[in-house]
Amino acid sequence: MLLILTVLILLCSLILLLIRRDRRCTLIALTCVSLFIFIFSILTYIAKKGGIGSSVSWMLYASDRIRVWFQYRVVTLETLGFITALGRYTFPLLLVLTCLDMAYFDSALWMKKHFWLLFIIPAIIFTCYIPSLFRYLMNLNQGLLRFLVNFSRLYVYGYVILALAVIVREYFSITLYFFKRRFIFKSLIPAALALIFAMYAMQDPAQIYLFYHNEYMFLLGLWYLSPYFSPLLYTVVLFGSIASGIAGFISLLRYVRINIDERNEEITLKRNASLASKGVSMFIHGTKNELLAMSILLRRISVRHPEDEDILKACELSRQLNERLEELHLAARNRAATLSLCELTPVIESARERTCARYPDAEIRISGTDGLYVLADSGSLKEAIANILINAVEASRDAGSSDPVLLEYRPERLWISIKISDSGKGLGKKQLRQIYQPFYSSKNSSQNWGMGMYYTLNCVKAHLGSIKYEKRPEGGSSFIILLPRTGRPLTRGE
Amino acid sequence: MKKLIAMLLIVTLALTSVFASGAEETTGDTVRVAYMTNYAALCSVMAGIETGAFADEGINVELVEFADGPTIIAAMESGSIDIGYIGHGAHSLCINGRAKIFAFSHVGNGDAVIGLRSHGVTEDPASLAGKSIGYASGTSSELILRWTLEEAGLTMDDVVAYEMDAAAITSAMSSGSLDACANWSPATFTILDAMGDDAFIISDNVTFSDRSASIASWIVMNDWAEENHDLLVRFTRALYKGMDYRAEHIEETAQWVATQLGASYDTIYAQRGDAEWLTSAEMIEQVKDGTIERMYEVQKQSFGDSVDQSTPVSDYVMFDIMLEAAE
């Protein structure tokens with residue numbers, strides 16, 4: 001069982017790496033590889049050493065045939081011990097690096113910057129366990145061997161605890177619920193790997209190098225025959241490792257699935273957007289000249305008949321139609337944003353003004369950290385925020401709520417978050433999948449092209465950001481725009 | 001996901017409780033017995049189990065497989081095993097006070113150095129020079145290899161020695177990856193069977209009978225023996241019954257052992273020649289006339305400086321238990 005789970009976790013991490021070739025996935029895959037190497041060598045050792053009952057054998061190997069296969073592997077004790085050392089001393093380091101990669105609190109950032117420091121202890125220990133050097137040290141002094149064994153255990157468990165501490169610290173430093181929830185799923189992967197590793201990490205490679213050496217067997221002990229492992233506790237521990245393995249595997253699968261879904265949605269959206277953009281361009285090119293000509297004609301007629309109100313109305317309608325077509329054209333075409341450092345507060349204020357221009361009586365409550373700067377095209381970012389604000393106002397009104405729309409902005413991990421919350425009815429899963437599609441609108445109004453959220457998403461992506469959605473526990477929706485932080489928060493004086 | 005995690009926890013707890021309470025209810029005393037995967041280790045105890053000798057003594061035997069004697073002693077120290085079977089090598093630990101012998105098993109001839117003719121190895125140990133040899137360091141396998149090399153005036157530096165475990169040596173020899181090896185029964189039989197005429201024995205325990213007695217014994221921890229004196233005597237009595245039954249029913253015993261090990265009957269039956277098997281009466285006679293004590297003395301001397309030579313045999317061999325069980 002344990003073997004099968006470890007293999008599945010490894011496969012899943014490799015699939016994840018194939019799908020998403022970034023640093024985090026590489027670290028996760030390397031951590032899984034080192035865990036696999038360690039568990040594989042430990043299972044080989046246990047199979048060769050014996051002493052486990054049939055139920056434990058089943059929990060570890062799933063079948064006796066597999067156990068015997070491990071038992072008869074042709075491998076010298078030096079090689080097996082070295083492979084064990086490789087897995088045992090690389091895993092804690094990779095685990096810490098993986099957890100640090102997920103963390104953004106100040107100490108974690110410092111550690112990330114000085115990550116090479118983390119390599120020193122494992123490098124020293126691993127070197128000592130190179131077979132020839134290990135043999136030399138062992139012959140030198142038995143006390144040295146005892147020190148090496150204890151020091152390496154200290155390193156192994158110390159790093160695992162450090163990795164888990166990083167996860168816990170990071171969890172408590174996150175303030176956005178969306179990030180917290182997502183972080184829990186992500187942190188299950190290293191947590192499950194750490195648990196599986198920790199249960200078998202007492203096994204020192206020295207015990208394999210000195211497989212039959214009586215005098216060392218009692219010095220090093222046989223961890224899996226430890227008196228602390230009563231049959232009940234041993235069962236709990238084994239099932240605990242299996243449960244954590246399943247949890248880790250599922251969270252990895254979930255992570256892979258989210259990645260695949262996001263990628264598929266993005267592809268679909270791009271395809272639809274491309275079609276929409278072509279369609280809109282053709283439509284506008286086909287109608288714009290005639291509309292302009294009609295506007296000019298109407299203006300001439302209005303000059304000739306200034307007292308005719310119907311003609312004035314027709315002029316106004318023509319102007320509005322031209323404006324809306326222009327908006328549609330702007331929304332549909334792919335524009336490259338020109339980013340420059342700008343203060344966020346004025347952008348948000350102008351987005352509110354833009355919203356209030358449409359809904360003068362709308363109540364929008366803004367709170368946030370002043371003095372934040374972002375790299376942005378302030379005009380298009382204002383439009384993007386305003387689009388969400390307008391949607392929020394409309395959603396609250398449709399739900400008959402008089403509560404104000406809330407806008408909060410603050411730094412969050414690697415991002416600056418702009419969270420817009422309404423008191424509407426919220427969005428269903430199906431609706432949520434559709435809102436970013438061009439020409440999708442749930443509103444029965446001639447004022448909406450259904451291009452607002454599509455435009456907003458494109459705009460935020462052009463700012464190297466993303467949009468997240470969460471349902472508010474008290475009812476309503478929250479859209480969170482995440483824009484990259486420019487290093488540490490910049491303040492007004494800087 | 002929360003539901004899933006909760007379900008996993010529930011399943012874990014449920015399975016744990018099932019496994020914790022799932023053991024069959026038995027009457028009498030349960031004794032956890034460690035064995036090694038060969039006929040010599042299992043024949044008496046299997047005969048005792050199958051004939052109901054242990055049940056008659058109110059003992060339920062739980063068998064646990066191990067690869068070597070020192071690991072069995074380590075497991076006994078940890079409390080996960082009550083009684084164990086050890087081969088020659090692990091006796092040094094008994095001499096040094098780690099465990100006590102409560103029953104003599106046999107004098108074996110299971111260790112052997114095997115060579116492959118096709119790899120240029122001959123009956124002359126000198127032909128091992130420069131050859132790749134697999135051995136299990138720290139065991140009787142290493143001992144017999146060193147003695148064999150000494151016969152030809154060679155040392156370990158004159159050969160390419162690979163430290164391996166017994167199972168890996170068997171696989172490596174059977175696949176022709178090694179030129180020679182030092183191993184013990186039943187691995188030696190497996191190799192000889194697999195390689196046919198190509199494989200042959202260069203030396204075995206008989207070759208060095210003047211230097212050592214390759215004794216196998218049944219052992220317990222000192223504390224366990226003191227706390228479970230009556231149980232130990234009953235166990236020994238059942239073991240004697242097993243030994244006596246084995247003497248008369250070799251084929252049937254070999255079949256029981258083969259079933260327990262999941263091995264072929266022929267392989268197990270071939271191991272009947274690994275030792276001179278005594279009945280309980282013959283053994284008691286040899287205990288009484290001091291033959292067995294002398295054999296343990298010879299064995300102790302063969303360990304040289306690695307053991308305390310001043311330790312009397314009677315300090316670590318409980319002859320009183322052997323005699324009490326025979327009454």
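Proteins get letters first, then strands, A, B, ... in listed order; numbering begins at 1 in each.
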Heavy-atom pairs under 4.5 Å with chain A: which of B:Gly262, B:Ser174, B:Ala167 has the most? B:Ala167
Out of A:Thr76, A:Val75, A:Leu80, A:Thr79, which residue meets the side chain to side chain contact (heavy atoms under 4.5 Å, CB included) rule with B:Met164? A:Thr76
Please flag which part of B:Ala34 lies under 4.5 Å from any non-hydrogen atom of chain A: side chain, backbone, both or neither. neither
Residues B:Glu65 and A:Lys49 bridged, charged N to O under 4.0 Å: no
When rounded to the nearest 0.5 angstrom, what distance separates CD1 in B:Ile169 from OH in A:Tyr72? 11.5 Å
If you draw a 6.0 Å radius around OH in B:Tyr162, do more than 12 non-hydrogen atoms from other residues or ligands fall strictly inside? no
How long is the straight-line distance from OG1 of B:Thr170 back to CD of A:Gln71, given to the nearest 0.5 Å? 9.0 Å
Please check if atom OH in A:Tyr136 has more than 12 non-hydrogen atoms from other residues, nucleotides or ligands closer than 6.0 Å. no
Quick one: pull up OG in B:Ser137 and OH in A:Tyr209 and give me the separation to the nearest 0.5 Å. 14.0 Å
Which atom names give the shortest non-hydrogen contact between A:Arg73 and B:Ala168, and what distance separates them? O-CB, 3.3 Å
